[in-house]
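Heads up: the structure comes next, in structure tokens.
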Amino acid sequence: MDLLKNATRIEKVLYWTFVLTWVFYAVGALYIVGPVLGWLVFMAALIGLYLGPAAPDDLQMTGPVPISVWVWMGFIALMLIVLWIGHYNFDLGLAKVIKSSVGWAKGWALLAIFIFIGAMLPIRRELLIRAQCVVGLHTLILLPLLIAAPLIGMPESIFVSPLKAVGGPGPEYFTVYLYTIDPASGAQRWQFYAPWSPFAGLLAVIMVLCALEEKVTFWKVCGVAAGVAMILMTKSRMSLIGVVACGGAAWLIPWMSRTYAWYIAASVSAVGVFIVETLMFQIQSSIDYFRGSRASSSHVRDTLQRIAWERWWGEAQFFGHGTVEAGGPMTAYMPIGSHHSWYGLLFVKGAVGFFALLVPVLYSLAEMTLFAISRVEGRLPFGLLLAVIFFSLGENIEVQVYLFWPAMVLIGIGTRQWWGYQLYTVYRKQQSKSGKPI
């Protein structure tokens, strides 16, 4: 491939690690591969940062560390301190402290690490976009088998990897599934290379957003087709909304810098005043439909969120409970502190942990919004960040980053590009004031 001809070693490692997603899934190794990749490349980047000009070309830093990277690294490190305090407050013991610290390294820490990697190392975003589309092609090739599996009576799961011995959130992270049966409706759902269907929906949204930026038509079609198929077959309500909302917002936001777009928006708003009641009714009907389509799932999520909120407020406002807790029949035995990143943070890490994620997310969102408005290259990182934020409202993103890490690297690349664009803008202004040619 042309993109790989001049690729650096780091680029090749990232590219092939993601392209081999289905192979790693087939042996139940994905949950291990993501964190190992992140920490190894991060440590290599730190060596490059230390060596400076003496570092190999693929470990040369792309510039000074952007402020947003410092924000991510600092606040995610704060989460680890909060975790220790929560364990101390509830006397959870040294064994749980160690286990939870390892969990932090495999989860929350990776959010900041992959952003650092994308921002500081000379990685081309085109390579990761192409990797998404290649995985899309592999998915399309496997679709007939996945669709036929329940029709010909094949079992839901075919393999549980012995790698589960290394430990993890649950055996589903090391199980190879062909499909699953929704216990509420009895319908078939597919989760592809994710441990459950809504998680696969997030990966599908990321694939579609990346594929839309692909320049080669064949690969673009593969990525979009596979992403749409995954969204439909996972039957994830959030992914159906997310692909439209995040993709639409990423496409529309560059227009905010154009004056006539505001005139159009004002005109649409003026007309909208007369149809607002009908519009609100339609929106509410759509919400009721989506919630009713899997009412039991919505009830469990609502119950988990209510219990997490009440127990956070009543028992551990500042530093949380330190860890999730087993749920009972009311929550379908789902752990309290799961199924929602923000309620989960309040329950596990308290208000301090909540703001330790909120601050870097808002900072990056502000940067990526400005970047998307200023330059077309900003659409992708802006859309990806929106997707991660959107899915954080229904999933625990810290246990999923091992699979959507390419999105975090691309957000990091967007951070680097925005930082470089800002420095170039300042340079142009200085040159203009001095009267020197630019």
Side-chain angles (χ1 to χ4, degrees), residues 3 8 10-11 14-15 18 38 41-42 45 60-73 75-76 110-133 202-203 205-215 223 242-243 245-257 357 359-392 397 401 404-426:
L3 282 176
T8 65
I10 296 296
E11 285 181 324
L14 295 176
Y15 176 86
F18 191 71
V41 176
F42 177 61
Q60 290 284 343
M61 297 295 103
T62 56
V65 181
I67 296 174
S68 57
V69 175
W70 285 115
V71 171
W72 273 98
M73 300 295 287
F75 278 93
I76 293 298
L110 293 180
L111 294 173
I113 282 174
F114 281 117
I115 284 183
F116 178 92
I117 290 170
M120 300 309 300
L121 293 177
I123 300 166
R124 292 169 294 166
R125 74 181 212 156
E126 292 81 7
L127 212 65
L128 292 176
I129 290 171
R130 177 64 56 81
Q132 288 279 347
C133 296
L202 166 60
L203 302 176
V205 172
I206 290 172
M207 182 176 291
V208 171
L209 293 177
C210 289
L212 291 174
E213 297 292 317
E214 170 61 53
K215 294 179 174 59
V243 72
C246 300
W251 182 80
L252 288 172
I253 197 166
W255 294 77
M256 291 181 65
S257 61
L357 179 63
V359 172
V361 163
L362 291 181
Y363 195 100
S364 284
L365 183 61
E367 276 194 347
M368 292 303 100
T369 300
L370 293 173
F371 188 27
I373 292 172
S374 305
R375 297 179 65 84
V376 70
E377 293 92 339
R379 290 184 308 188
L380 179 58
F382 172 75
L384 293 174
L385 183 58
L386 277 187
V388 173
I389 294 172
F390 180 71
F391 276 84
S392 72
I397 58 173
V401 68
F404 71 77
W405 61 264
M408 302 309 295
V409 176
L410 286 165
I411 293 169
I413 293 173
T415 299
R416 179 223 304 167
Q417 291 175 324
W418 169 244
W419 183 255
Y421 175 67
Q422 290 296 93
L423 293 177
Y424 177 67
T425 302
V426 171

Test of ring centre spacing under 6.0 Å for Phe116 and Phe42 | yes
Could you give me the CA-CA distance, side-chain angles and deciding distance for Leu14 and Trp405, then say whether side chain to side chain contact (heavy atoms under 4.5 Å, CB included) is met?
-> CA-CA 10 Å; Leu14 295 176; Trp405 61 264; 3.9 Å; yes
Specify the closest pair of heavy atoms between Leu209 and Gly247, including all atoms of both residues, with the distance to one decimal.
-> CD2-CA, 3.6 Å
Could you tell me whether the side chain of Ser68 and the main chain of Tyr363 form a donor-acceptor pair under 3.5 Å?
-> no
Closest heavy-atom pair, Arg379 versus Ala250, reported as atoms and distance to 0.1 Å, is CG-O, 3.2 Å
For Val243 and Val208, which heavy atoms make the closest approach, and how far apart are they?
-> CG2-CG1, 3.9 Å
Spatial distance of atom SG (Cys246) from atom CZ (Phe391) [nearest 0.5 Å] | 7.0 Å
How long is the span from the CG atom in Leu357 to the CG atom in Leu362, to the nearest 0.5 Å?
-> 9.0 Å
In terms of side-chain geometry, is the basic nitrogen of Glu126 or Arg124 positioned less than 4.0 Å from the acidic oxygen of its partner?
-> no
Evaluation steps, side chain to side chain contact (heavy atoms under 4.5 Å, CB included), between Val65 and Trp70 | CA-CA 7 Å; Val65 181; Trp70 285 115; 3.4 Å; yes
Euclidean distance, Gln132 CD relative to Tyr15 OH, rounded to 0.5 Å = 11.5 Å
Note: Glu213-Arg125 ion pair, threshold 4.0 Å (strictly below) | yes
Mind checking the CG-CG spacing from Leu410 to Leu128? Nearest 0.5 Å is all I need.
-> 5.0 Å
Heavy-atom check, side chain of Leu365 versus side chain of Leu386, under 4.5 Å | yes
Minimum heavy-atom distance between Trp418 and Ser374, given as atom pair plus value = CZ3-OG, 3.8 Å
Residue pair Ile129 / Cys210: nearest heavy atoms and the distance that separates them = CG2-O, 3.2 Å
Could you pull out the closest heavy-atom pair between Gly38 and Ile113, with the gap in Å?
-> O-CG2, 3.4 Å
Quick one: do Arg416 and Met120 satisfy side chain to side chain contact (heavy atoms under 4.5 Å, CB included)? Show the steps, please.
-> CA-CA 7 Å; Arg416 179 223 304 167; Met120 300 309 300; over 6 Å; no
Nearest 0.5 Å, what's the SG-CZ distance between Cys133 and Arg130?
-> 7.0 Å
Stepwise, does the side chain to side chain contact (heavy atoms under 4.5 Å, CB included) test hold for Ile411 with Phe382?
-> CA-CA 8 Å; Ile411 293 169; Phe382 172 75; over 6 Å; no
Would you say the side chain of Leu370 lies within less than 4.5 Å of the side chain of Glu367, judging by non-hydrogen atoms?
-> no
Spatial distance of atom CD1 (Ile389) from atom OG (Ser364) [nearest 0.5 Å] | 8.5 Å
With side chains defined as the heavy atoms from C-beta onward, is the minimum distance between Leu121 and Gln60 less than 4.5 Å?
-> no
